2 protein chains.
Amino acid sequence: MTSASPRPNLAIAAYRQLKRDIIRGVYAPGEKLRMSHLKERYALGVGPMREALSQLVGERLVTAVSQRGYRVAEMSIEELESLYDARAELEGLVLELAIARGGDDWEAGIVAKAHALAKVAEVHSAEDMLDVWDTRHQAFHSAIAAGCDSPHLLQARTWLFDQAERYRHLWLCQTVFSAEALDAKRQEHAALTDAILARDTPTARAMMREHLMSPVPIIKEVMQQR
Amino acid sequence: MTSASPRPNLAIAAYRQLKRDIIRGVYAPGEKLRMSHLKERYALGVGPMREALSQLVGERLVTAVSQRGYRVAEMSIEELESLYDARAELEGLVLELAIARGGDDWEAGIVAKAHALAKVAEVHSAEDMLDVWDTRHQAFHSAIAAGCDSPHLLQARTWLFDQAERYRHLWLCQTVFSAEALDAKRQEHAALTDAILARDTPTARAMMREHLMSPVPIIKEVMQQR
DNA sequence: TATGCTGAAAATATCTACATTTTCGCTAAA
DNA sequence: TTTAGCGAAAATGTAGATATTTTCAGCATA
């Protein structure tokens, strides 16, 4: 989603921080984002701040009503289900194309990332786990998707991913600190890798769909507790 | 991509005009968008202008380099092929889901829009043709896609569509004013409608893919003439 | 004579501060 | 209990100041 800039300007820096804070839950869904508060928190003028907020409106993480300011986008069970369904279907399509189009480099990439992901528990402390596991988990799935050889499908995938990241964060906190959950995921990843390397499209696609939808009930529970 | 606002502010108005101008080719691909010129042309200050440009950067219609201003995004044969390939694959997925999930209302919508599209030539003058045909053509395809019952897949579809609109505009000008091309399209739409109503997923999906990819050679020719 | 380098000047992007318009919350009266 | 009015707060837009980039003329060198 971001291009490498030699020196990011203030608007881009604000965009990154604000996006991170929204995903991390620093601001509650539906909360009003007052300019005076944002100006103080990020030490910026209104110009760059409005630019950052505009970008986030485009990504559906913030909503804007003319003359009435900006708010953090709402979260709902309906959106959760629609979003994860869309992600699962798109990821299935990308996977099918990747199996059809991917070469040896693609396979090697998957094996490498799967290995790194499987070994993550042995190497790092509990505190670093969340960030490290998430990073390697994303890298694993990105390696699979990369084989579809379609930059624009990958863009669409990233776009849906960003929209889901607030929900995903709820799931991450529940999963990463549970040894059983992590082990279950490790087995799913291994089976998925096997099916992909065997180029078994129907099996791999079904497994991928199930793998992506499995967090939904867990996230639902967390959301209903609030 | 846009939500209905009771009173759009200047930034949104500027965004709409600028986007329209870029798609219509008022600015050449790669052209530098100087603030002084934009301010004069749209009679606005730099604040709203920067906001509008930020939105367009998010949609990949404009590129920005920090401290070096904004430029109209480049166009290339490579992007054309990647974009149309992604669109065709995504539309195929959406169609498959729509056939699986769509009900009677969905079928009725398709038949209605197909009818309106088929009759467009008899009703309107040559000058209005481009706008009217394009509007009804989009409505026809949107009616098909709507059956997938996934707002977020439809959002992704719209997003890819917006990115392709500059290329599509080149094709439209070549097609709408050719009686044979219009007739060929009419037959494709009729056959597609039949396959969909028969719920013949493999046939419909293949036809949709071919239908969406058919403009590519024509656009390539137009682009190479420049 | 052609080519590459240096430095100043112009142009441009970016940011902060201020003015204007609109909205929201509170109080009081019907 | 509802509604009208008042004041504070917030959002939007404009203008000007600052820093960066780009351009180009002049000079040295091959």
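Basis for what follows: all heavy atoms, side chains included, without hydrogens, waters or symmetry-related copies. Here the structure is a predicted model, which is why all the values come from computation and not from measurement.
Taking only side-chain nitrogens and oxygens, R50(B) comes nearer than 4.0 Å to OP1 or OP2 of dT14(C).
In the set dA11(D), dG13(D), dT14(C), the nucleotide with an atom closest to the side chain of N9(A) is dT14(C). Which of dA10(D), dA13(C), dT23(C) sits closest to the side chain of Q67(A) comes down to dT23(C). Among the nucleotides dA13(C), dT16(C), dA15(D), the one closest to any side-chain atom of L10(A) is dT16(C). Closest to the side chain of R68(A), out of dT21(D), dC24(C), dT16(C), is dC24(C).
Under 3.5 Å, the side chains of Q138(B) and D134(B) contain a donor-acceptor pair of N or O atoms. Side-chain contact, Y15(B) with N9(B): no donor N or O sits under 3.5 Å from an acceptor N or O.
If you measure from atom CZ of R71(B) to atom P of dT12(C), you get 13 Å, rounded to the nearest angstrom. To the nearest angstrom, P of dA17(C) lies 15 Å from CD of E40(A). Between the CD atom of E51(B) and the P atom of dT14(C) there is a distance of 14 Å, rounded to whole Å. As rounded to whole Å, 11 Å separates atom P of dA17(C) from atom CG of L44(A). Atom CZ in R34(A) sits about 13 Å away from atom P in dC24(C), given to the nearest Å. One interatomic measurement links the two molecules: CE of M49(B) to C1' of dT14(C), which rounds to 16 Å at whole-angstrom precision. One atom, CE of M35(A), and another, P of dT20(C), lie 20 Å apart when rounded to the nearest Å. Remark: P of dT12(C) and CG of L38(B) are 12 Å apart, rounded to the nearest angstrom.
Looking at heavy atoms from C-beta onward, C148(B) lies out of side-chain contact with E96(B) at the 4.5 angstrom threshold.
Map G45(B) and K32(B) each onto its nearest nucleotide of DNA chain D; the residue landing nearer the 5' end is G45(B).
Proximity of a side-chain donor or acceptor of R71(B) to a complementary backbone N or O of G30(B) within less than 3.5 Å is detected.
Under the 30°/60° scheme for interplanar angles, the aromatic rings of W171(A) and H137(A) are found to be tilted.
No engagement by L53(B) is indicated, since no non-hydrogen atom pair under 4.0 Å with the nucleic acid exists.
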